[in-house]
Amino acid sequence: MAENKNDINRRHFLRRSLWAAGLTGLGAAAGFLSRKTNARNTVWQIDPEICVACGNCATYCVLEESAVKCVHAYAMCGYCRICFGYFGPEPHDINEGAENQLCPTGAIQRKYLKDDDPYYEYTIDEPLCMGCGKCVKGCNTFGNGSLFLQVRHDRCLNCNECSIAAACPSGAYKRVPADKPYLLKKVDHA
Ligand code: SF4
Ligand code: SF4
Ligand code: SF4
């Protein structure tokens, strides 16, 4: 069925708002970070275009719970009914049952947007995320890559030698300016 213009505008507004909200969250973390890193002007970050979601981010951080988390570029997301970052390769059913989910910790929330039928919104419950990258790999392989990993600077200790960077097989870890501590996926504004 053809979509009416109001529906399209509303959806576009929703996506832009969510993207802006995500950036606001990251901006707040940047403020916290600047207080933490006065003596050093750079911090560690993952280049999402180079990361191959190998799994090392979940296990090599010096913190018991990795400082790396999945983030979502809402403006890129297709709001798919079947999200390859959310569902395992052979789900029993297309619903929110734990047995159907790819994420080992249930950190991705799936919500039906009844006003935007048939769209589904996927949000990350960050305290549950361990940065394993399984969802990132799924979304990159079959989706549009709107899920990606970032070092969260409200947690990261900004170690001189990041143990994940040393274990990273793709060279995705970089030192970036402390006042621009996130490397976000590029959004197609077309
Ligand atoms: S699959 Fe891994 S990286 Fe993705 S949300 Fe779950 S714990 Fe985080
Ligand atoms: S710099 Fe240290 S705390 Fe931060 S992600 Fe790397 S190992 Fe973890
Ligand atoms: S270690 Fe490197 S390639 Fe592996 S998930 Fe982390 S950033 Fe990506």
Side-chain angles (χ1 to χ4, degrees), residues 22 25-26 29-30 32-37 39-74 76-77 80 82-91 96-111 120-178 181-185:
L26 295 178
F32 175 84
L33 168 70
S34 65
R35 293 193 294 281
K36 208 167 69 165
T37 58
R40 244 181 301 169
N41 295 324
T42 61
V43 292
W44 291 107
Q45 192 46 272
I46 297 165
D47 185 334
E49 309 292 347
I50 297 176
C51 169
V52 295
C54 70
N56 285 353
C57 274
T59 51
Y60 278 82
C61 184
V62 294
L63 295 170
E64 194 173 332
E65 180 193 328
S66 178
V68 174
K69 304 284 180 183
C70 176
V71 300
H72 196 186
Y74 290 102
M76 290 175 68
C77 181
C80 313
I82 301 176
C83 167
F84 294 102
Y86 181 85
F87 290 106
E90 292 176 2
E96 291 77 24
E99 68 280 10
N100 302 320
Q101 297 181 32
L102 183 61
C103 177
T105 62
I108 306 180
Q109 309 297 317
R110 179 179 189 256
K111 185 175 155 197
Y120 289 80
E121 180 187 289
Y122 298 88
T123 52
I124 311 299
D125 187 346
E126 224 173 77
L128 290 180
C129 175
M130 60 181 187
C132 72
K134 288 187 176 178
C135 59
V136 174
K137 193 169 252 182
C139 183
N140 271 323
T141 306
F142 300 108
N144 59 12
S146 59
L147 295 167
F148 57 102
L149 295 174
Q150 290 282 275
V151 176
R152 289 301 248 153
H153 294 295
D154 53 347
R155 299 187 46 74
C156 177
L157 304 174
N158 198 21
C159 311
N160 279 335
E161 301 293 334
C162 171
S163 54
I164 315 179
C168 177
S170 67
Y173 269 74
K174 296 177 172 174
R175 280 273 180 195
V176 298
Y182 291 97
L183 293 172
L184 302 174
K185 279 263 177 120

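Whatever order the structure lists them in is the order used to number ligands and atoms, beginning at 1. Heavy-atom basis, side chains included; hydrogens, waters and symmetry copies ignored. All of these numbers come straight from a predicted model, not from anything done at the bench.
Distance check, rounded to the nearest 0.5 Å: NZ of K111 to OH of Y120 gives 13.0 Å. Taking NE2 from H72 and SG from C139, the interatomic distance works out to 6.0 Å, rounded to the nearest 0.5 Å. The distance from atom OG1 of T59 to atom CD1 of I164, rounded to the nearest 0.5 Å, is 8.0 Å. Taken from CZ in F87 to CD1 in I82, the straight-line distance is 7.0 Å, to the nearest 0.5 Å.
Considering only non-hydrogen protein atoms, atom 8 (Fe) of ligand 3 sits nearest to C51 SG, 2.4 Å. Summary of contacts: the protein heavy atom closest to atom 2 (Fe) of ligand 3 is C168 SG, 2.3 Å. The protein heavy-atom contact nearest to atom 6 (Fe) of ligand 3 is C57 SG, 2.3 Å. Nearest protein neighbour of atom 7 (S) of ligand 3, counting heavy atoms only, is Y173 CE1, 3.6 Å.
Contact annotation: for A167 versus ligand 3, there are no heavy atoms closer than 4.0 Å.
Side-chain N or O atoms of D47 include none that pairs as donor or acceptor with a backbone N or O of K174 at under 3.5 Å. At distances below 3.5 Å, at least one donor-acceptor pair connects side-chain atoms of W44 with backbone N or O atoms of C159. In this structure, E49 contributes its side chain and K185 its backbone to no donor-acceptor pair below 3.5 Å. Side-chain atoms of Q45 come within 3.5 Å of backbone N or O of V151 as a donor-acceptor pair.
For ligand 3, the atoms lying closer than 4.0 Å to a non-hydrogen atom of L149 are 5 (S). Near N56, meaning under 4.0 Å from any of its heavy atoms, are these atoms of ligand 3: 1 (S). Each of the atoms 2 (Fe), 3 (S) of ligand 1 lies under 4.0 Å from some heavy atom of G133. Close contacts of ligand 3 with S170, meaning ligand atoms under 4.0 Å from a residue heavy atom, involve 3 (S). For ligand 3, the atoms sitting less than 4.0 Å from at least one non-hydrogen atom of V52 are 3 (S), 8 (Fe), numbered in the order shown with element in parentheses.
Among the backbone and side-chain atoms of C54, no N/O/S atom is found under 2.8 Å from atom 6 (Fe) of ligand 3.
Closest heavy-atom contact between F148 and V136: CA-CG2, 3.8 Å. Considering every non-hydrogen atom in both T123 and E121, the closest pair reads CG2-OE2, 3.6 Å.
With N56 as reference, P169 is the one residue of P169, C168, C61, S170 to meet the side chain to side chain contact (heavy atoms under 4.5 Å, CB included) rule.
Atom 6 (Fe) of ligand 1 has C103 SG as its protein N, O or S neighbours under 2.8 Å. Counting only protein atoms, the N, O or S atoms lying less than 2.8 Å from atom 2 (Fe) of ligand 2 are C159 SG, ordered by chain and residue number.
A side-chain N or O of R175 and one of N158 form a donor-acceptor pair less than 3.5 Å apart.
Annotation: E99, atom CD; neighbour count of heavy atoms from other residues, nucleotides and ligands within 6.0 Å is above 12.
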Using residues 100-110 as the side-chain source, report each donor-acceptor pair under 3.5 Å to any protein atom, sequence neighbours left out, with the distance given to one decimal.
residue	atom	partner	partner atom	Å
N100	OD1	H92	N	3.0
N100	OD1	D93	N	3.1
N100	ND2	D93	O	3.2
N100	ND2	N95	O	3.4
N100	ND2	N95	OD1	2.7
Q101	NE2	Y86	OH	3.1
Q101	NE2	E96	O	2.9
T105	OG1	L128	O	2.9
R110	NE	Y122	OH	3.1
R110	NH1	E96	OE2	2.6
R110	NH2	R81	O	2.7

For residues 63-70, which side-chain N or O atoms pair as donor and acceptor with protein atoms under 3.5 Å away, sequence neighbours left out?
residue	atom	partner	partner atom	Å
E65	OE2	K69	NZ	2.5
S66	OG	C57	O	2.7
S66	OG	V68	N	3.0
K69	NZ	E126	O	3.2
K69	NZ	C129	O	2.7

